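Here the structure is laid out as structure tokens; the discussion comes afterwards.
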Amino acid sequence: MIAITRDVSPSIERCELTHVERSVIDYERACLQHERYRELLSSLGCRMITIDADPGFPDSVFVEDAAIVLDDLAVITRPGAESRRGETSAVAVALAPFRKLVHIEAPATLDGGDVLVLDDRIFVGLSDRSNHAAIDQLRRLTGRAVTAVVMSDCLHLKTAITQVSRNQLVVNRAWVDVAPFEGWELIDVAPGEPFGGNAVLLGDVVVYPAAYGDTRRRLEERGIEVRTVEADELAKAEGGVTCCSLLVR
């Protein structure tokens with residue numbers, strides 16, 4: 001497994017924000033948390049590839065939004081925030097040795113954080129950043145079934161729902177319509193932890209934010225192995241653990 005990450009931009013305080021209030025981001029602490037995250041991925045067997053930080057792109061540490069990696073190709077996105085569209089070129093260069101590249105084109109907009117791939121199906125959250133035109137292009141480019149998911153009150157689909165085992169998803173039902181996920185076992189986030197629906201499944205291990213202890217215990221009670229990482233500083237920039245890497249199998 002290869003994990004592509006990007007160093008934290010020194011301009012991260014100028015990040016785009018949609019659903020959280022702006023607060024002071026400690027750049028040094030954000031960098032430290034990001035490095036601990038990378039160390040955890042490495043310890044779980046990932047070969048790490050790092051893209052240099054770019055002060056011109058405050059949000060660029062959230063590398064997931066720039067691409068969708070499938071078994072046979074990678075889709076380079078067209079982010080919904082115009083300020084982020086220049087992030088994709090460096091990500092495309094990093095992915096080119098491993099996958100055929102295809103591109104989302106105008107008028108479509110798509111953030112990778114709105115895309116959840118489960119087996120051969122692709123689910124896309126209809127958010128402020130991703131639109132119906134992107135869904136149509138994904139169907140054509142990938143040849144896969146693509147399902148639109150209604151969501152609200154959060155930035156991305158994977159803010160609200162992610163995979164935590166072969167047949168289980170962790171979810172905040174207040175933010176996402178779960179009807180498209182029929183057949184999956186749903187584990188609800190704990191009360192008071194609305195952002196607990198974001199997790200990275202790496203093999204049989206879940207990488208998970210340390211801040212959501214009650215939800216973590218719900219996962220562990222169902223036999224899921226969880227490794228936690230501090231991620232609260234990057235969360236101030238509306239980021240989660242999925243946002244900070246692209247996994248290439």
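Given the structure is predicted, the values throughout are model-derived calculations rather than measurements.
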Connected-component partners of L138 among ILVMFWY, side-chain separation under 4.5 Å | I68, L70, L73, V75, V102, I104, L110, V115, V117, I122, V124, L126, I135, L141, V146
Linking I/L/V/M/F/W/Y whenever any side-chain heavy atoms sit under 4.5 Å apart, do F57 and V93 land together?
-> no
Quick one: does S165's side chain have a donor or acceptor within less than 3.5 Å of a partner on Q168's backbone?
-> yes
With rounding to the nearest 0.5 Å, note down the distance linking SG in C46 to CD in E39.
-> 13.5 Å
E87 bridged to R6 by N-O distance under 4.0 Å = no
Using links of under 4.5 Å between side-chain heavy atoms of ILVMFWY residues, direct or through other members, which residues join W184 in one cluster?
-> L116, L118, F123, V149, M151, L157, I161, L169, V171, V176, V178, F181, L186
Between N198 and T242, do the side chains contain an N or O donor and an N or O acceptor separated by less than 3.5 Å?
-> yes
Would V20 and L155 count as a side chain to side chain contact (heavy atoms under 4.5 Å, CB included) if you check the C-alpha gap in whole Å, the side-chain angles of each, and the deciding distance to 0.1 Å?
-> CA-CA 9 Å; V20 301; L155 180 61; over 6 Å; no
Salt bridge (charged side-chain N to carboxylate O under 4.0 Å, His left out) assessment of K236 paired with D26 = CA-CA 10 Å; K236 295 177 183 178; D26 185 328; over 6 Å; no
If only atom types and distance count, is the side chain of T5 paired as donor or acceptor with the main-chain N or O of T50 below 3.5 Å?
-> no
Thinking salt bridges, do R85 and D65 make one under a 4.0 Å N-O criterion?
-> no
Can you hop from F62 to F195 via hydrophobic side chains spaced under 4.5 Å?
-> no
Measure the spacing between OG1 of T147 and CZ of R121 and express it to the nearest 0.5 Å.
-> 4.0 Å
List the steps and the verdict of side chain to side chain contact (heavy atoms under 4.5 Å, CB included) for L234 and R29.
-> CA-CA 9 Å; L234 291 171; R29 188 164 182 263; over 6 Å; no
Cut-off 3.5 Å, side chains only: do D114 and S127 have a donor facing an acceptor?
-> yes
Separation between CZ (R78) and NE2 (H103), nearest 0.5 Å, reads 13.5 Å
Derivation of the side chain to side chain contact (heavy atoms under 4.5 Å, CB included) call for W175 and V189 = CA-CA 11 Å; W175 289 349; V189 298; over 6 Å; no
What heavy-atom pair brings Y208 and A199 nearest, and what distance separates the two atoms?
-> CD1-CB, 3.7 Å
Cluster companions of V24 among Ile, Leu, Val, Met, Phe, Trp, Tyr (side-chain spacing under 4.5 Å) = none
Is it true that D7 and R38 have a side-chain N and a carboxylate O under 4.0 angstrom from each other?
-> yes
Short side-chain to backbone donor-acceptor contact, S130 and D111, under 3.5 Å = yes
Would you mind reporting whether C15 and I25 have side-chain heavy atoms less than 4.5 Å apart?
-> yes
From I2 atom CD1 to R99 atom CZ, the distance as rounded to the nearest 0.5 Å | 8.0 Å
Closest heavy-atom pair, A67 versus I76, reported as atoms and distance to 0.1 Å, is CB-CD1, 4.1 Å
In this structure, CD1 of I4 is separated from CG of L246 (nearest 0.5 Å) by 5.5 Å
Which heavy atom of Y27 sits nearest a heavy atom of S9, and at what distance?
-> CE1-O, 3.5 Å
Exercise: identify the closest heavy-atom pair between A30 and V8 | O-CG2, 4.1 Å
Sidechain-backbone polar pair: Q137 side chain, E105 backbone, donor-acceptor under 3.5 Å | yes
Are more than 12 heavy atoms from other residues, nucleotides or ligands located less than 6.0 Å from atom CZ of R47?
-> no
Heavy-atom donor-acceptor pair, D59 side chain to E238 backbone, under 3.5 Å = no
Residue pairs fulfilling salt bridge (charged side-chain N to carboxylate O under 4.0 Å, His left out) with at least one residue in residues 239-249, sequence neighbours excluded | none
Closest non-hydrogen atoms of N131 and A108, given as atom of the first, atom of the second and distance, are OD1-CA, 3.5 Å
Do you see a donor-acceptor pair shorter than 3.5 Å between the side chains of R129 and T18?
-> yes
Any Y212 side-chain heavy atom under 4.5 Å of V170 side chain | no
Tell me, which pairs form a salt bridge (charged side-chain N to carboxylate O under 4.0 Å, His left out) where one or both residues lie in residues 193-208, sequence neighbours left out?
-> none
Do the side chains of H156 and E64 get nearer than 4.5 Å, heavy atoms only?
-> no
Pair R217 + E220: basic N to acidic O under 4.0 Å = no
Which pair of non-hydrogen atoms, one from T215 and one from A190, has the smallest distance, and what is that distance?
-> OG1-N, 2.9 Å
Near D71 CG, under 6.0 Å, is it more than 12 heavy atoms from other residues, nucleotides or ligands?
-> no
Can a salt bridge be assigned to the pair R218 and E221 using a cut-off of 4.0 Å between side-chain N and carboxylate O?
-> no
Polar side-chain atom of T228 near backbone of A210 as donor-acceptor pair, under 3.5 Å | no
Determine yes or no for a side-chain-to-main-chain donor-acceptor pair under 3.5 angstrom, with N172 supplying the side chain and A174 the backbone.
-> yes
Side-chain contact test, heavy atoms from C-beta onward, threshold under 4.5 Å: evaluate it for T88 versus T77 and give yes or no.
-> yes
Derivation and outcome, side-chain hydrogen bond (donor to acceptor under 3.5 Å, both in side chains), residues Q33 and E230 | CA-CA 6 Å; Q33 290 185 351; E230 297 288 344; 4.7 Å; no
Value for CZ (R14) from OG (S83), rounded to nearest 0.5 Å, stands at 10.0 Å
Joining Ile, Leu, Val, Met, Phe, Trp and Tyr whenever any side-chain heavy atoms lie under 4.5 Å apart, the cluster holding L44 also takes in M1, Y37, L40, L41, M48, V200, L202, V205, V207, V229, V241, L247
